[in-house]
A.B. asks: 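A single structure is presented below for examination.
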Amino acid sequence: MVNKVKGTYDVLNDEIKIWHYLEDKIKKITKKYNYTEIRTPIMEYSNVYHRESEQSDMVLKETYNFKDKGNRDLTLRPEGTAGVIRSYIENKTYATTDLYKVYYHGPMFRYERPQKGRYRQFSQFGCEAIGYKNPLVDAEVIKLASDFIKEIGLKNVVVEINTLGDDKSRENYLNALVEYLTPYKDELSNDSKERLTRNPLRILDSKDKNDQKIIENAPKPIDYLSEESKKYFNDTINYLKIFNVSYKINNKLVRGLDYYSEVVFEILADLKNFGSQNALGGGGRYESLVDELGGPKTSAIGFSFGLDRLILAIKEEEIEINDNNYLDAFVIMFSDNELNYGLNIINELRDKNFIVDFDFKTRAFRNQLRRALNNNSKYLIIIGENEVNNKQVTLKNTKTEEEKIISKDELINILEKEIR
Ligand code: AMP
């Protein structure tokens, strides 16, 4: 037997309707805020992600890297932003717009330890506003993200925000953090020990109980902010108030990737079955990625949501989703003698954009009926010898069970009236 790859899963009938629901919401919200879609490749040259300044676990330990037959180093995208920026630079988009507002959604790949809400192939929806730095842009991006959650119908969700400050503030803060943590080095968890030199900000994120105790009194980014960064954060918050976004300031919030500065935020599910995988999405401003990848110095802000986790949250909150998986009519033919007549009717109805199906194989009435009901068919169109001879059909409403014998023209009239 063949199996699915570890950390991946199939989306089957019951779940696909939730995916369609989410995809509709993505289209709606991005249109409302005037974001256009971008589709970048799933694989990129490895140096799009593997850069010297990027020392996160995600990039160093979790990417799927391989060589193609031309001996080129390729990586399956672990996130969406770097590919979008690569495209922005390669297509010189900066020459045509001062603020590029784009969104993407699609699969991402990370070699992580699979568990509920954490997979090796998962999907993200993300937005990027690339061009200039302005707290109003930050506030609008956070507003969009929180609006998206509302639009989906999720209630138990918290938006947390923080600031890491500009490069100088961040550097001062990092020095203070490392200075504070170094005496505790031997007490820190193994992961945090390793991060102390490589990615110290991430220690603030540690789920280890003892680490958390140590972090309790650690210095906070907010105490090392330059005057400009303080003002930037305050302005962002003021705009969030105007936009009517509810948020919580979390001084310990940092993000997984190294490229963030200034405003960072996360959207968390407050649901009991979510455990530690409760981050539905997150993002922040990044100021050095565009020039690091070879473009002009450009400030940008973005976020991404994990669609797989949103699906879990939708299920957990039992949000009702209209199932539009139905047929307008199912055509039942008693024997192969009625096949030609029946197929003509099916063609005609489909030409008129009705959703119609029939059974290819069996003419046993009960089996055809079962298939019709399993497919949520609104009507049955039943065809036997009499119907063919009289150029008629029997039309039955599956809900009211009302049944009548009518001509082909009447059939189309009734369906037009009842279904449209
Ligand atoms: P990140 O790019 O790490 O900030 O992730 C953004 C969002 O993507 C997270 O909040 C999750 O909802 C989702 N996500 C990240 N990694 C995974 C994963 N391995 N499996 C499922 N969802 C993920």
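All ligand and atom numbering here is 1-based and tracks the order in the structure.
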A.B. asks: Consider only side-chain N and O atoms of His50 and Asp73, and report whether a donor and an acceptor are under 3.5 Å apart.
C.D. replies: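 No.
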A.B. asks: Which residues pass the side-chain contact (heavy atoms from CB on, under 4.5 Å) test with Phe354, not counting sequence neighbours?
C.D. replies: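 Residues passing side-chain contact (heavy atoms from CB on, under 4.5 Å) with Phe354: Asp328, Leu349, Lys352, Val356, Leu415, Glu416, Ile419, Arg420.
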A.B. asks: When the side chains of residues 125-132 are checked against the rest of the protein, which donor-acceptor pairs come out under 3.5 Å, sequence neighbours left out?
C.D. replies:
| unit_1 | atom_1 | unit_2 | atom_2 | d |
| --- | --- | --- | --- | --- |
| Glu128 | OE1 | Tyr286 | OH | 2.5 |
| Glu128 | OE2 | Thr81 | OG1 | 2.7 |

A.B. asks: For a quick check under 3.5 Å, do Asn172 and Ser169 share a side-chain donor-acceptor pair by atom type?
C.D. replies: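 Absent: no donor and acceptor within the cut-off.
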A.B. asks: Mark yes or no: Lys396 above the aromatic ring of Tyr379, with NZ or CZ under 6.0 Å from the six-membered ring centre and no more than 45 degrees from the axis.
C.D. replies: no
A.B. asks: Is the shortest N/O to N/O distance between Gly306 and ligand 1 below 3.5 Å?
C.D. replies: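 Right, the criterion is met.
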A.B. asks: Under 4.0 Å from a heavy atom of Glu112: give me the atoms of ligand 1 that qualify, with their elements.
C.D. replies: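 Every atom of ligand 1 under 4.0 Å from some heavy atom of Glu112: 16 (N), 17 (C), 18 (C), 19 (N).
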A.B. asks: Does ligand 1 come near enough to Asp308 that some N or O of the ligand is less than 3.5 Å from an N or O of the residue?
C.D. replies: no
A.B. asks: Check ligand 1 against Tyr119 and write out every atom of the ligand that is under 4.0 Å from a heavy-atom position of the residue.
C.D. replies: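 Every atom of ligand 1 under 4.0 Å from some heavy atom of Tyr119: 18 (C), 19 (N), 20 (N), 21 (C).
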A.B. asks: Relative to the heavy atoms of Gln124, which atoms of ligand 1 are at a distance of less than 4.0 Å?
C.D. replies: 2 (O), 5 (O), 6 (C), 7 (C), 8 (O)
A.B. asks: Leu280 heavy atoms, cut-off 4.0 Å: which ligand 1 atoms fall inside?
C.D. replies: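 The atoms of ligand 1 under 4.0 Å from a heavy atom of Leu280 are 10 (O), 12 (O).
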A.B. asks: Does the side chain of Tyr232 pick up a donor-acceptor pair with the side chain of Arg285 at under 3.5 Å?
C.D. replies: yes
A.B. asks: Just to be sure I read this right, does ligand 1 sit under 4.0 Å from the backbone of Phe122, its side chain, both, or neither, counting only heavy atoms?
C.D. replies: side chain
A.B. asks: Of the listed options (Met58, Glu79, Arg118, Arg110), which comes nearest to atom 2 (O) of ligand 1 when hydrogens are ignored and any heavy atom counts?
C.D. replies: Arg110
A.B. asks: Is the contact between Arg120 and ligand 1 made by the side chain, the backbone, both, or neither, using heavy atoms and a 4.0 Å cut-off?
C.D. replies: neither
A.B. asks: Taking the ring of Phe66 and the ring of Tyr64, is the distance between their centroids below 6.0 Å?
C.D. replies: no
